[in-house]
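Worksheet: one structure, shown below.
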Amino acid sequence: MSKAKGIDVSTFQGKIDWDQVKGSGKVEFAMLRMGYGNDLPEQDDVQFERNVSECDREGMPWGAYLYSYAVNQEQAKSEAEHILRLMEGKKPLYPVCLDVEDACQKGLTKEALTEIVYTILERVEAAGYYAMLYANKYWLTGLLDMSQLSNYDVWLAQWSSAPTYSGNYGMWQYSASGSVPGISGAVDLDYAYQDYPSIIQNAGLNGWKKNPATGSDYQAMYEAQ
């Protein structure tokens, strides 16, 4: 199975030297944390805008994720708006994800947590984005009703030599202790098993539209570099 090599980063990686990251040849895409929780500017990831700008400058395909704290429907709607605010005017080539793993959500019923996730992903998808769920195997098999979320792609978190989750997933975060030039300290490592740039462009998602002259505006952008 073909796979693309990626990383996921946040403010915890500090100011990344994206020239070194791209030049290393170790990274083919990046998932960037946009923020966490409710739609408050102080909960935006302080490195997100720079990371987006640098990835675009380098021609590094990227996606984004929001770390969820939602424990009710009001907060779920606010988190969806947080995602949409930070995505406005941007054109990621990888999915827009909801990261569900916080301890504050563990006490919720399976039904309540699933409804929260569904509310956010449905809103993101309705706005024209490729919506995706990030969670580990325990949450996917024990805390969420995946039969209600089957329309959404999964980014599996399982730090091991091989995944053991039996459900469908398009991305796998397989390590939290990677080393990549240009990044100080450890960084999460991922594989993508789908050609997300093509899928997203062909579906006209994430702000991308077909360009009759070149096939897609993504191709035009990167051929010009």
Side-chain angles (χ1 to χ4, degrees), residues 1-10 26-34 36 55 60-68 70 76 79-80 83 87 92-103 105-106 108 110-111 113-178 180 186-203 205-206:
M1 179 185 295
S2 62
K3 56 191 178 186
K5 299 175 291 185
I7 57 175
D8 57 274
V9 300
S10 71
K26 293 184 174 183
V27 178
E28 296 170 278
F29 71 94
M31 298 299 293
L32 313 176
R33 190 181 76 157
M34 66 180 86
Y36 53 91
C55 283
M60 173 72 71
W62 62 273
Y65 68 96
L66 183 87
Y67 187 97
S68 179
E79 290 192 356
I83 292 171
M87 285 294 98
L93 282 162
Y94 272 72
V96 177
C97 302
L98 181 69
D99 178 348
V100 181
E101 60 178 295
D102 196 77
Q105 299 168 320
K106 269 191 170 182
L108 298 173
K110 180 180 286 191
E111 180 182 24
L113 181 58
T114 301
E115 286 180 354
I116 285 168
V117 172
Y118 184 85
T119 293
I120 297 170
L121 294 180
E122 182 184 44
R123 178 72 181 92
V124 172
E125 183 178 58
Y129 295 96
Y130 190 111
M132 184 182 231
L133 168 64
Y134 168 100
N136 65 36
K137 180 183 176 181
Y138 173 71
W139 285 64
L140 292 169
T141 57
L143 302 184
L144 289 163
D145 182 356
M146 293 306 294
S147 69
Q148 301 300 311
L149 301 171
S150 59
N151 287 340
Y152 299 105
D153 200 354
V154 169
W155 176 9
L156 170 67
Q158 188 178 10
W159 304 337
S160 61
S161 58
T164 58
Y165 176 59
S166 60
N168 295 322
Y169 55 93
M171 288 171 49
W172 172 34
Q173 183 191 75
Y174 64 93
S175 175
S177 56
V180 173
V187 63
D188 295 341
L189 302 177
D190 306 274
Y191 288 129
Y193 299 102
Q194 305 288 338
D195 182 358
Y196 287 109
S198 293
I199 292 169
I200 287 168
Q201 292 170 85
N202 290 338
L205 298 172
N206 293 11

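Side chains included, hydrogens not; waters and symmetry mates left out as well; all remaining heavy atoms used.
By the side chain to side chain donor-acceptor pair (under 3.5 Å) test, Asp8 pairs with Gln173, sequence neighbours left out. Listed by chain and residue number, Ser198 satisfy the side chain to side chain donor-acceptor pair (under 3.5 Å) test with Asp195 (two or more places apart in sequence, or in another chain). Ser160 meets the side-chain contact (heavy atoms from CB on, under 4.5 Å) test with Gln158, Trp172; sequence neighbours excluded. Partners of Tyr169 according to the ring-ring contact (aromatic ring centres under 6.0 Å, His included) rule, which considers only residues two or more places apart in sequence or in another chain, do not exist here. Considering only residues two or more places apart in sequence or on other chains, Gln105 meets the side chain to side chain donor-acceptor pair (under 3.5 Å) condition with Ser68. Listed by chain and residue number, Tyr94, Tyr130 satisfy the ring-ring contact (aromatic ring centres under 6.0 Å, His included) test with Tyr196 (two or more places apart in sequence, or in another chain). Taking Ser10 as the reference, Phe12, Gln13, Arg33, Asp45, Tyr65 meet the side-chain contact (heavy atoms from CB on, under 4.5 Å) condition, with sequence neighbours excluded. For Ala186, the side-chain contact (heavy atoms from CB on, under 4.5 Å) test picks out no residue, with sequence neighbours left out. Qualifying side chain to side chain donor-acceptor pair (under 3.5 Å) partners for Thr114, counting only residues two or more places apart in sequence or in other chains: none. With sequence neighbours left out, Tyr67 forms a ring-ring contact (aromatic ring centres under 6.0 Å, His included) with Tyr69.
Counting heavy atoms from C-beta on, the side chains of Asp190 and Phe29 come closer than 4.5 Å. Here the side chains of Asp188 and Ile7 are not in contact, with every heavy-atom distance at 4.5 Å or above. Within the 4.5 Å cutoff, the side chain of Leu140 has heavy atoms near those of the Leu133 side chain. Looking at heavy atoms from C-beta onward, Leu113 lies in side-chain contact with Leu144 at the 4.5 angstrom threshold. You'll find the side chain of Met34 reaches within 4.5 Å of the side chain of Met87, heavy atoms only. Using a 4.5 Å heavy-atom cutoff, the side chains of Val27 and Val180 are in contact.
Applying the salt bridge (charged side-chain N to carboxylate O under 4.0 Å, His left out) test to pairs two or more places apart or on separate chains, none has a residue in residues 137-163. Each salt bridge (charged side-chain N to carboxylate O under 4.0 Å, His left out) pair with one or both residues in residues 116-134, not counting sequence neighbours, appears once here: Glu81-Arg123.
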>> Under the criterion side-chain contact (heavy atoms from CB on, under 4.5 Å), I'd like the reasoning laid out for Met31 against Trp155: C-alpha separation, chi angles, the key distance, then a yes or no.
In response: CA-CA 11 Å; Met31 298 299 293; Trp155 176 9; 3.6 Å; yes
> Would Leu93 and Gln201 satisfy side-chain contact (heavy atoms from CB on, under 4.5 Å), going step by step from the backbone distance to the final call?
Replying inline: CA-CA 8 Å; Leu93 282 162; Gln201 292 170 85; 4.0 Å; yes
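Tyr118 and Tyr152 have perpendicular rings, their planes meeting at more than 60° on a 0 to 90° scale where under 30° would count as parallel.
Between the CD1 atom in Ile120 and the CD atom in Glu115 there is a gap of 12.0 Å [rounded to 0.5 Å]. Considering OH of Tyr191 and OG of Ser2, their distance stands at 12.5 Å, rounded to 0.5 Å. Separation of atoms OH (Tyr174) and NZ (Lys3) is listed at 7.5 Å; rounding is to 0.5 Å.
Between Glu79 and Ala70, the shortest heavy-atom contact is OE2-N, 3.0 Å. Minimum interatomic distance between Leu121 and Leu98 (heavy atoms only, all atoms of both residues): CD2-CB, 4.0 Å. Heavy atoms only, all atoms of each residue included: Leu156 and Pro163 are closest at CD2-CB, 3.8 Å. In terms of heavy-atom proximity, Ser150 sits nearest to Ser147 at OG-O, 3.5 Å. Counting all heavy atoms, side chain and backbone alike, Lys110 lies closest to Gly142 at CE-O, 3.3 Å. Considering all non-hydrogen atoms of both residues, Pro92 and Asn206 come closest at O-ND2, 3.0 Å.
Of the possible donor and acceptor atoms, one in the side chain of Glu28 sits under 3.5 Å from a partner among the backbone N and O of Lys5.
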